[in-house]
Amino acid sequence: MPKITPDDYMVKSSITLKDRKTLVQLDEDEKVEKQLRKLRKKLGKLQDTLYAHGKYAVLICIQGMDTAGKDSMIKEVFKDFNTSGLIVHSFKVPTPLELDHDYLWRHYIALPARGKFAIFNRTHYENVLVTRVHPSYILGENQPGIHTVKDVNEAFWDRRFEEIKNFEKHLADNGTIMFKFFLHLSKEEQKNRLLRRLNIEDKHWKFSPGDLKERKLWNEYQVVYEDAINRTSTSHAPWFTIPADNKPSARYIVASILYQALKGYSDIKEPPLDDDIRARLEEYKAELNNE
């Protein structure tokens with residue numbers, strides 16, 4: 001199986017989504033899944049070390065069109081994590097309480113503590129994606145100076161992008177390691193996955209007629225995704241575009257990027273044993289053995 005090079009997927013300069021691959025098949029699915037099982041065990045051990053170290057938090061942001069595989073990605077990549085150190089947040093339509101605060105508030109209070117991982121399934125970028133395709137949603141935020149959709153202009157979006165970049169820089173400066181994954185799905189594969197939800201009875205619960213309405217806006221979403229990725233991929237909070245048409249390969253690529261990047265933090269180590277405790281190890285062993 002080919003070696004994964006994170007730089008091949010990281011957005012370091014302006015990109016065009018139509019030029020980025022939606023399909024990579026690393027090997028036969030069964031072989032890729034076997035390699036993923038090995039890799040996620042390594043990730044689980046690395047999680048333990050990061051928890052013991054206690055100085056960094058890790059925030060993993062996953063975005064993508066409907067059916068891109070966000071839920072199954074989380075399920076399969078993080079299966080060997082200690083759940084006490086992993087928090088998953090799925091951000092949906094803002095609640096009345098959330099709308100009573102600024103748009104970043106609900107994301108800020110969900111951030112991981114030092115030593116822990118958090119996964120945002122849909123993220124603070126919904127505030128420059130869905131709302132940009134549907135600017136009328138902004139009116140529900142009841143912001144000063146925003147009275148009609150005409151007030152949601154380019155200056156508004158420029159300011160919001162700067163706010164998001166400042167938010168991420170603040171997190172990075174205070175010890176949060178951030179990964180942003182865009183699961184890049186083709187329109188044809190989305191059609192196949194929606195049909196699967198309709199054709200297989202135990203998948204019916206995943207289907208919503210709203211998915212078809214949003215699918216009609218596919219081109220608009222590609223434009224706003226591309227713009228958001230290009231505006232906000234930075235060295236401290238990079239975007240990775242992950243070919244999502246083949247789920248096993250997509251999962252392995254994400255796991256490999258995470259593992260390689262986190263292993264690069266040479267200061268993440270288990271803290272040394274206190275000198276006094278180390279000097280008395282034999283005494284403690286004897287006390288237990290002589291019970």
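Keep in mind the model is a prediction, meaning the values are calculated, not measured.
Under a cut-off of 6.0 angstrom, the local environment of NZ in K191 is sparse, with at most 12 non-hydrogen atoms contributed by other residues, nucleotides or ligands. Annotation: N199, atom CG; neighbour count of heavy atoms from other residues, nucleotides and ligands within 6.0 Å is above 12. Atom OH of Y51 sits in a sparse spot, with 12 or fewer heavy atoms from other residues, nucleotides or ligands closer than 6.0 Å. Counting non-hydrogen atoms of other residues, nucleotides and ligands closer than 6.0 Å to NZ of K187 gives a total above 12. Counting heavy-atom neighbours within 6.0 Å of E201 CD, excluding the residue itself, gives a total of 12 or less.
Grouping the Ile, Leu, Val, Met, Phe, Trp and Tyr side chains by contacts below 4.5 angstrom, directly or via other members, places W239 apart from I242. Under the 4.5 Å side-chain heavy-atom criterion for ILVMFWY residues, no single connected hydrophobic cluster contains both W105 and L99. L258 and V11 are not part of a single hydrophobic cluster, where members link through side-chain heavy atoms under 4.5 Å apart. By the rule that hydrophobic residues join a cluster once side-chain heavy atoms approach within less than 4.5 Å of another member, F78 and I268 end up as members of one cluster. Hydrophobic clustering of Ile, Leu, Val, Met, Phe, Trp and Tyr side chains at less than 4.5 Å, counting indirect connections, unites I257 with L46.
A cation-pi arrangement is found for R160 relative to Y103, the charged atom lying closer than 6.0 Å to the ring centre and inside a 45° cone about the ring normal.
For N82 against S84, the heavy-atom pair with the smallest separation is OD1-OG, 2.7 Å. In this structure, Y252 and L26 approach most closely via the heavy-atom pair CD2-CD1, 3.7 Å. Residue Y56 comes nearest to D267 through the heavy atom pair OH-OD2, 2.7 Å, listed as atom of the first residue, atom of the second, then distance. Between M178 and H236, the shortest heavy-atom distance links the atoms CB-O, 4.1 Å. Across every non-hydrogen atom of D80 and R37, the tightest pair is OD2-O, 4.2 Å. Contact between V152 and W157 at its shortest, heavy atoms only, is CG1-CZ2, 3.5 Å.
Rounding to the nearest 0.5 Å gives a distance of 6.5 Å between CZ of F91 and CZ of R106. Taking CG from L139 and NE2 from H147, the interatomic distance works out to 10.5 Å, rounded to the nearest 0.5 Å. The CG atom of D71 sits 10.0 Å away from atom NZ of K75, with the distance rounded to the nearest 0.5 Å. Atom OG of S208 sits about 8.5 Å away from atom NZ of K213, to the nearest 0.5 Å. Here S249 contributes atom OG and E28 contributes atom CD; the two are 11.0 Å apart, rounded to the nearest 0.5 Å. Atom CD1 of I87 is separated from atom CG of L111 by 9.5 Å, given to the nearest 0.5 angstrom.
Using a 4.5 Å heavy-atom threshold, the side chains of Y284 and I277 count as touching. A 4.5 Å side-chain heavy-atom check between L36 and P248 finds every atom pair outside the cut-off. A heavy-atom distance below 4.5 Å is not found between the side chains of I146 and E141. Residues E189 and L23 form no side-chain contact, since every pair of their non-hydrogen atoms from C-beta on lies 4.5 Å or further apart. With contacts defined as side-chain heavy-atom distances shorter than 4.5 Å, the pair Q35/M1 qualifies. Side-chain atoms of E291 and L288, non-hydrogen and from C-beta on, do get closer than 4.5 Å to each other. Here the side chains of N230 and I15 are in contact, with some heavy-atom distance below 4.5 Å. K31 is not listed as a side-chain neighbour of K34, based on a closest heavy-atom distance of 4.5 Å or more.
K55 places no side-chain N or O within donor-acceptor distance of the main-chain N or O of G175, the cut-off being under 3.5 Å. Side-chain atoms of K70 do not come within 3.5 Å of backbone N or O of I62 as any donor-acceptor pair. Remark: side-chain polar atoms of H89 are not paired, donor with acceptor, to backbone N or O of I119 under 3.5 angstrom. Checked by atom type and distance alone, the side chain of N166 pairs as donor or acceptor with a backbone atom of E162 at under 3.5 Å.
Between F167 and H124, the ring planes lie perpendicular to each other; the angle is over 60°, past the 30° to 60° tilted range. Under the 30°/60° scheme for interplanar angles, the aromatic rings of H134 and Y137 are found to lie parallel.
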(message) side-chain hydrogen bond (donor to acceptor under 3.5 Å, both in side chains), that's the test. Do N246 and D29 meet it? Break it down for me.
(response) CA-CA 9 Å; N246 179 270; D29 285 353; 3.2 Å; yes
(request) For side chain to side chain contact (heavy atoms under 4.5 Å, CB included), just list the numbers for Y265 and H53, CA-CA rounded to whole Å, side-chain angles, deciding distance to a tenth of an Å, and then say yes or no. (result) CA-CA 12 Å; Y265 283 79; H53 184 243; over 6 Å; no
(message) Applying side-chain hydrogen bond (donor to acceptor under 3.5 Å, both in side chains) to T5 and D7, what does each step give before you reach the verdict?
(response) CA-CA 5 Å; T5 304; D7 283 353; over 6 Å; no
(message) Assess the residue pair D202 and I200 against the criterion (side chain to side chain contact (heavy atoms under 4.5 Å, CB included)); give the C-alpha distance rounded to whole Å, side-chain angles, the decisive distance to 0.1 Å, and a yes or no.
(response) CA-CA 6 Å; D202 64 2; I200 301 175; 3.0 Å; yes
(request) Would you sort out whether K169 and D173 count as a salt bridge (charged side-chain N to carboxylate O under 4.0 Å, His left out), showing the intermediate values? (result) CA-CA 6 Å; K169 182 66 165 60; D173 287 346; 3.0 Å; yes
(request) Could you give me the CA-CA distance, side-chain angles and deciding distance for R20 and F182, then say whether side chain to side chain contact (heavy atoms under 4.5 Å, CB included) is met? (result) CA-CA 11 Å; R20 307 285 278 201; F182 171 60; over 6 Å; no
(request) Start with the C-alpha distance between K18 and Q222, add both sets of side-chain angles, then the distance that settles side chain to side chain contact (heavy atoms under 4.5 Å, CB included), and finish with yes or no. (result) CA-CA 9 Å; K18 66 181 179 59; Q222 296 303 297; over 6 Å; no
(message) For a salt bridge (charged side-chain N to carboxylate O under 4.0 Å, His left out) check, start with the C-alpha distance between E163 and R159, then their side-chain angles and the critical distance, and finish with the verdict.
(response) CA-CA 6 Å; E163 290 166 350; R159 187 189 75 208; 3.3 Å; yes
(request) Step by step, work out the salt bridge (charged side-chain N to carboxylate O under 4.0 Å, His left out) result for R231 and D158. (result) CA-CA 10 Å; R231 288 202 197 198; D158 289 344; 2.9 Å; yes
(message) Applying salt bridge (charged side-chain N to carboxylate O under 4.0 Å, His left out) to K285 and E282, what does each step give before you reach the verdict?
(response) CA-CA 5 Å; K285 291 178 188 178; E282 295 305 317; 3.3 Å; yes
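Between Y225 and the options Q63, E220, R132, a side-chain hydrogen bond (donor to acceptor under 3.5 Å, both in side chains) holds for only Q63. Residue D66 forms a salt bridge (charged side-chain N to carboxylate O under 4.0 Å, His left out) with just one option from K206, K216, R122, and that option is R122. Tested against E76 for a salt bridge (charged side-chain N to carboxylate O under 4.0 Å, His left out), the candidates K247, R251, R40 yield a single pass: R40.
Between the side chains of T232 and Y125, at least one donor-acceptor pair of N or O atoms lies under 3.5 Å.
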